[in-house]
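Take a look at the structure set out below.
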There are 2 protein chains.
Amino acid sequence: MRIRKTAEVRQAEIIDAALRLAARLGPERLTTEAIADAVGLTQPGVFRHFPTKQKLWEAVAARIGSMMETRWSKAQSPEDSPSSQLRAVVVAQLRLIQATPAIPAILFSRELHTQNEALRKYFLQLLGRFHGLVAEFVGRAKEVGEVRRDLEPDDAAYLIVSLVQGLAVRWSISARAFDLTGEGSRLLEVQLSGFRRARRGGRR
Amino acid sequence: MRIRKTAEVRQAEIIDAALRLAARLGPERLTTEAIADAVGLTQPGVFRHFPTKQKLWEAVAARIGSMMETRWSKAQSPEDSPSSQLRAVVVAQLRLIQATPAIPAILFSRELHTQNEALRKYFLQLLGRFHGLVAEFVGRAKEVGEVRRDLEPDDAAYLIVSLVQGLAVRWSISARAFDLTGEGSRLLEVQLSGFRRARRGGRR
DNA sequence: TTAGTTAGTGATAGAGTGCTAACTAAAGGA
DNA sequence: TCCTTTAGTTAGCACTCTATCACTAACTAA
């Protein structure tokens, strides 16, 4: 009854299970036993592949990071306008969160940050990269006249990043009761409309 | 050496301690022992005042709720313009979060929500009331011409609430490395500038 | 075959953690 | 002054969870 797999495969399975379960139980209630059950191992078997639980969390964080980077780069298509690419990147991020609800749960977990400083810094950098990406598109949109001249790209990017995070918070507290990507796209348009130069003096 | 206080006073002390400690340890790592130490009781002494830990969390939630409502109503001054009052309410919220960093920690805690459905619903309602308040001010600002005619107050309010929450997330992950209220006020102005009717066709 | 490597198991240590039960002592009115 | 009420203590139960350790069995190359 002992199913044996390579360490590489098992590690991936364990990380996957951790991501799935962290969304349901909350990151702090995620036990090595629960992971082991989901993967089909005994509890100590998990420690064959990760020396401590902290290291497991770091691997999970790295997986989240690489998922994000992958989607961001796939969402960009240089032939499109800056604002279109901006939309695509934000929508990609929303879709990823909707498909992997553990992401906000882990990202917002105070416990993980106080207990694991490396993790906190990693997520801070990751958020910083998302912000930088968004700011770059806003900057280019400004150059081609898609947004107001007086708009600071960094500030605009903060508003957009906040839009995603605030929405993720509401989605999480609402027990995921609405379509994150749909609602996000809608609100993004409202946000972008405020960034544009008003035509006709602002009366519709 | 036995210091004896009325139940009312002790309950307040326990809730205060829980709020202080939840910010430092994270809500899920907050133990009854840590609370007892902070308050000057033995661990079982806490259970004299709250029958279960869940009930304690509910009391903490109620305290957060009443703190918010108090600040919101104090921030309103009917003689001011709608947009000024909007600013005041948002700044009051930011100040409260900065003074009580446990609020985002508790609000964003996946564990508390999965384990205590009543708590999740309470926070959902609380957020809903904040959204409603903001939406009302946007609506009035619209009536007096302080914001664009084509702006949906509900949507604008979602953007503003997200601004606060997204900022709280960043503040928390950054280890509270910046001035929440200052940064929030600055970004709120950027947001509001996008809600206004542009003068002179949008060129500064 | 055989020997070495490595994934996985059973048993269990050891440190918490919520909560209960029985007892104690301070407060305050009759 | 006694007596009731009630805040607080000591001792400990039941359970959870990470991590260790000795051992086993599957793969792999000589």
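We name chains A, B, ... by the order of the sequence lines, and we start the count at 1 in each one. The structure displayed is predicted, hence computed values, not measured ones. Only heavy atoms go into these numbers, but all of them, side chains included; no hydrogens, no water, no symmetry mates.
The partner of D:dA29, taking Watson-Crick or G-U wobble pairs whose two distances both stay under 3.5 Å, is C:dT2.
Geometrically, B:Arg170 engages B:Phe178 in a cation-pi contact, judged by NZ or CZ lying under 6.0 Å from the ring centre and within 45° of the ring axis.
Summarising the geometry, the separation between CD on A:Gln11 and P on C:dT6 is reported as 13 Å, rounded to the nearest angstrom. If you measure from atom NZ of A:Lys53 to atom C1' of D:dT20, you get 17 Å, rounded to the nearest angstrom. Distance CD (A:Glu33) to P (C:dA11): 14 Å, rounded to an integer number of Å. Atom CD in A:Glu111 sits roughly 16 Å away from atom C1' in D:dC17 (whole-Å rounding). Taking atom CD of residue A:Gln54 and atom P of nucleotide D:dA19, one finds them 8 Å apart after rounding to whole Å.
The side chain of A:Thr32 places an N or O atom within less than 4.0 Å of a non-bridging phosphate oxygen (OP1 or OP2) of D:dT18.
Within a 6.0 Å radius of CZ in A:Arg63, more than 12 heavy atoms belonging to other residues, nucleotides or ligands are found. Environment of CD in A:Glu117: crowded, with over 12 heavy atoms of neighbouring residues, nucleotides or ligands closer than 6.0 Å.
Scanning all heavy atoms of the two residues, the minimum distance from B:Lys53 to B:Phe47 falls at N-CE2, 4.3 Å. Heavy atoms only, all atoms of each residue included: B:Val91 and B:Ser185 are closest at CG2-OG, 3.8 Å.
In the set D:dT9, D:dA19, C:dA7, C:dA7 carries the atom at the smallest distance from any side-chain atom of A:Arg4.
Within residues 35-49 of chain B, the residues approaching DNA chain C are B:Gln43, B:Pro44, B:Phe47, B:Arg48, by heavy-atom distance under 4.0 Å.
If you take CD on A:Glu152 and NZ on A:Lys142, they are separated by 5.5 Å, rounding to the nearest 0.5 Å.
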